[in-house]
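Here the structure comes first, spelled out in structure tokens, and everything after it is commentary.
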Amino acid sequence: MGQEFRYPCTIEIGKLLWFIGVIVAVVLTFQHFELPYGNIISSLSSAQKDLRAGNSSSLPNGAPSTHEMVSSNVTQSNEGSRVVNESSLVDSRGEESSLDQLADTNTNSTLYVNNDVEGIKGLNKSSGIDSHGRESSPEQLLHQNENSTLELNPSGNGSASIETDRSLYRENITSTSENIGTSQAGITPIAPALPPVDSPSNIAIPRNAEPSIIAPVVPVESNTYKMDRDAAPGLDNDGKSREQLNNSTSLQNNTSVTSVRELQSWSSPISRRSRWPSAVDQDLLNAKSQIQKAPIVESDPMLYAPLYRNISMFKKSYELMEDILKVYIYKEGERPILHQPVLKGIYASEGWFMKLLEANKKFVTKDPKKSHLFYLPFSSRNLEVKLYVPDSHSHKNLIRYLKNYLDMISAKYPFWNRTRGADHFLVACHDWAPSETRQHMANCIRALCNADAKGGFVFGKDAALPETIVRTPQNLQRDLGGKPASKRSILAFFAGSMHGYLRPILLQQWGNKDPDIKVFGKLPKVKGRGKMNYAQYMKSSKYCICAKGFEVNSPRVVEAIFYECVPVIISDNFVPPFFEVLNWESFAVFVLEKDIPNLKNILLSIPENKYREMQKRVKNVQHHFLWHARPVKYDIFHMILHSVWYNRVFQVHSR
């Protein structure tokens, strides 16, 4: 009887084990495909952290999911009060939220700047969100501090807490003197420059940033081989290893940031998880791995190593772009807003890119399933010309037009919905483009001329677009170049309309005040011998002042490079073009807006041999900023496309 009892028990146990196995398989499958962190424990623990940290809020416009914005401000005392601001944005599945909620409150990629700098009025007020979700003024968030310092603290998960005081950049000359050999206070490094494993000090990095979306480019010292370091006296050699520099959690508490090269880690503020997998995602993952493991470049006749944050990784990324990248261009849309480029004037960058990409057979594919990127071919300039009602002070109809366009392509194609637009990109040069696209195109990669670090520009996602004036579309390089360094008799030059609050201050301080510094309003057209026009002044000046107008960007930055004049950028929140790869400190000078009265001393403190090295680098970087009727390797068309490609590659992570 015992034998008879054991037999049915054995059968029942087998059925039970089989049933348990089926349940386990179903749970594992569900975790893999549906949960944001791959398993139930990680996903729940992440959600609990986010719930504890802040209040939930829902998206406008009937968005399908509830989002939780975590924002905390911690006030500390360290020779004056400073504020730590951390912000993150996740939904109930750990996926990204639309940025339209954050654009106006500047909680994502936000720089809190000193709005009360003595003598400089009119800075736009930025607002913040406290831990209870209430809007706070900058005065509540920021405390006075004599020095403009940037502080980084580790906060776990490959992210960093950022401390900033009322001023945007530190008045410390340590890093700039490394590059241009000056000991004069007031010369500032480029604050928004962003080496891909280096965390820019002006980003409010989310707690839930994933290590897999860290884009690794190491500081300049580690990416230049010995020959170039010896040839470039402005670069130091701190002996950091690749392993140290690639460690996104290696920040020390209260590290004072005096240079972009000292920033140790950064994370993209938004996780880019596709809603369903695609073969093109694996292409990007493979590319990311190869870029991170790029072999050291010993020499390259077209690339001058001191110009780059990491010449090896840039070269590898560029080569992979040429070999792999496929772009699909939506054919839908009516002219002139879509598919009709503007090829002349200050907005020509967006137009020439559109023209050259639509004619390109190497990168463009007709099969959207093979595409890594999707181009939205609209002209921000034509959008304004066609739809803006003069003196209405309203962009609502322009925004509505773009929304209707997105609704149309998302209904017709599945590709926007697969990534919520993360693999779509736009190229827009009009000043209004950031505000027009931040609501419904917030997830897109936006290449913007108006790259304002406190105006909604998202580090690790958006790209800074060069603003180039094209006066003669038939001759794109007309009047290129300038006098050699030894024959540039003018110390510094500026001329332009008195837009914004800063230029009148510059004119008041230096207009007709010093024979070495030529500062004018708008120059009249001149004829006859002995009279210099705008281009001749730039060609004859050692330094060309690029002062912001209404917005942070100015076409003078590219003009200075075009005329081989060292740019002097006075625009505290400006994100310079191609900052993912270019080491702007090596060929440009950055001056705080409040240091305009000290401008001459700052420039004179740069030794002559350092100036000549910088001017040489301006000539070497020039080919990255030139348009060609037929694109050539490493020109501005390819560099814009590379910025978009590079940001997309480092947004994608394995499921």
Side-chain angles (χ1 to χ4, degrees), residues 59-61 63 97-110 124 126 270 330 332-342 345-351 353-354 374-410 416 420-422 424-458 461-467 499-500 548-553 573-575 640 643-644 647:
L59 280 174
N61 304 322
S97 170
S98 175
L99 296 180
D100 51 335
Q101 290 181 298
L102 298 181
D104 293 329
T105 52
N106 295 309
T107 59
N108 198 2
S109 298
T110 301
N124 293 329
S126 63
I270 300 176
Y330 289 105
E332 292 74 12
E334 298 180 358
R335 294 169 179 262
I337 296 175
L338 291 112
H339 303 289
Q340 184 168 314
V342 176
I346 64 173
Y347 306 117
S349 287
E350 67 177 30
F353 182 85
M354 182 191 298
F374 295 81
Y375 176 48
L376 304 172
F378 77 93
S379 166
S380 63
R381 171 58 173 167
N382 284 338
L383 182 70
E384 178 239 345
V385 171
K386 184 72 174 177
L387 297 181
Y388 179 68
V389 178
D391 300 321
S392 68
H393 306 291
S394 174
H395 302 168
K396 289 182 178 180
N397 57 328
L398 285 70
I399 295 171
R400 189 181 310 114
Y401 182 93
L402 294 178
K403 181 182 184 299
N404 292 339
Y405 174 68
L406 286 183
D407 289 344
M408 182 262 293
I409 63 171
S410 62
W416 175 276
R420 297 176 180 82
H424 289 55
F425 75 99
L426 59 94
V427 177
C429 203
H430 198 280
D431 289 350
W432 298 348
S435 62
E436 291 166 355
T437 59
R438 70 187 177 191
Q439 185 172 358
H440 303 294
M441 296 181 170
N443 285 344
C444 293
I445 300 170
R446 302 179 304 163
L448 303 170
C449 286
N450 186 8
D452 188 342
K454 79 176 185 69
F457 185 93
V458 181
K461 179 182 75 70
D462 295 334
L465 178 67
E467 183 175 7
H499 297 154
K548 66 177 289 185
F550 287 128
E551 306 296 344
V552 294
N553 53 302
N573 303 305
F574 176 57
V575 182
I640 293 169
S643 288
V644 176
N647 284 352

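Sequence positions, counted from 1, serve as the residue numbers for this chain. Note that the structure is predicted; figures quoted are calculated from it, not measured.
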Gap between atom CE of M441 and atom CG of L376 - 0.5 Å precision: 5.0 Å
Could you walk me through whether F457 and V552 satisfy the side chain to side chain contact (heavy atoms under 4.5 Å, CB included) test, starting with their C-alpha distance in whole Å, then the side-chain angles of each, then the deciding distance to 0.1 Å, before giving a yes or no? CA-CA 12 Å; F457 185 93; V552 294; over 6 Å; no
Can you name the closest pair of heavy atoms from P466 and I640 and give their distance? CD-CG1, 4.1 Å
Test your reading of the model: is there a side-chain donor-acceptor pair from H339 to the backbone of Y330, 3.5 Å cut-off? yes
Minimum heavy-atom separation for I399 and H440, please, with both atom names. CG2-CD2, 3.7 Å
Can you tell me how far OH of Y405 sits from CD1 of I337, rounded to the nearest 0.5 angstrom? 11.5 Å
Is the shortest side-chain heavy-atom distance between I346 and E467 below 4.5 Å? yes
A433: what forms a side-chain contact (heavy atoms from CB on, under 4.5 Å) with it, not counting sequence neighbours? S380, A428, L448
N397 side, atom CG; L383 side, atom CG - distance, nearest 0.5 Å: 8.0 Å
Any donor-acceptor pair under 3.5 Å from N573 side chain to D452 backbone: no
Working to the nearest 0.5 angstrom, can you tell me the gap between E350 CD and L465 CG? 8.0 Å
Is a side-chain donor or acceptor of Q340 paired with a backbone partner of R335 at a separation under 3.5 angstrom? no
Could you tabulate the donor-acceptor pairs under 3.5 Å formed by side-chain atoms of residues 384-391, not counting sequence neighbours?
from	atom 1	to	atom 2	distance (Å)
E384	OE1	R381	NH1	2.6
E384	OE1	H430	NE2	3.1
Y388	OH	H393	N	3.1

Could you report the tightest heavy-atom contact between L402 and E436, atom names first, then the distance? CD1-O, 3.9 Å
Does R446 offer a backbone N or O that forms a donor-acceptor pair with the side chain of K461 under 3.5 Å? no
Tell me the closest heavy-atom pair linking Y401 and L338, and the distance in Å. OH-CD1, 3.3 Å
Establish, yes or no, whether a centroid distance under 6.0 Å links the rings of Y375 and F425. yes
Indicate the atoms forming the closest heavy-atom contact of S379 with V342, along with that distance. OG-CG2, 4.0 Å
Beyond-backbone contact of C444 with F374, side-chain heavy atoms, under 4.5 angstrom: no
Closest approach of N450 to P434 (non-hydrogen atoms, all atoms of both residues): O-CG, 3.6 Å
Could you give the distance from CZ (F353) to CG (L426), rounded to the nearest 0.5 Å? 10.5 Å
Interatomic spacing from CG in N382 to CE in M354 - rounded to 0.5 Å: 7.5 Å
For K548, does its backbone N or O pair with a side-chain atom of H499 as donor and acceptor, under 3.5 Å? no
Do the side chains of N553 and D431 get nearer than 4.5 Å, heavy atoms only? yes
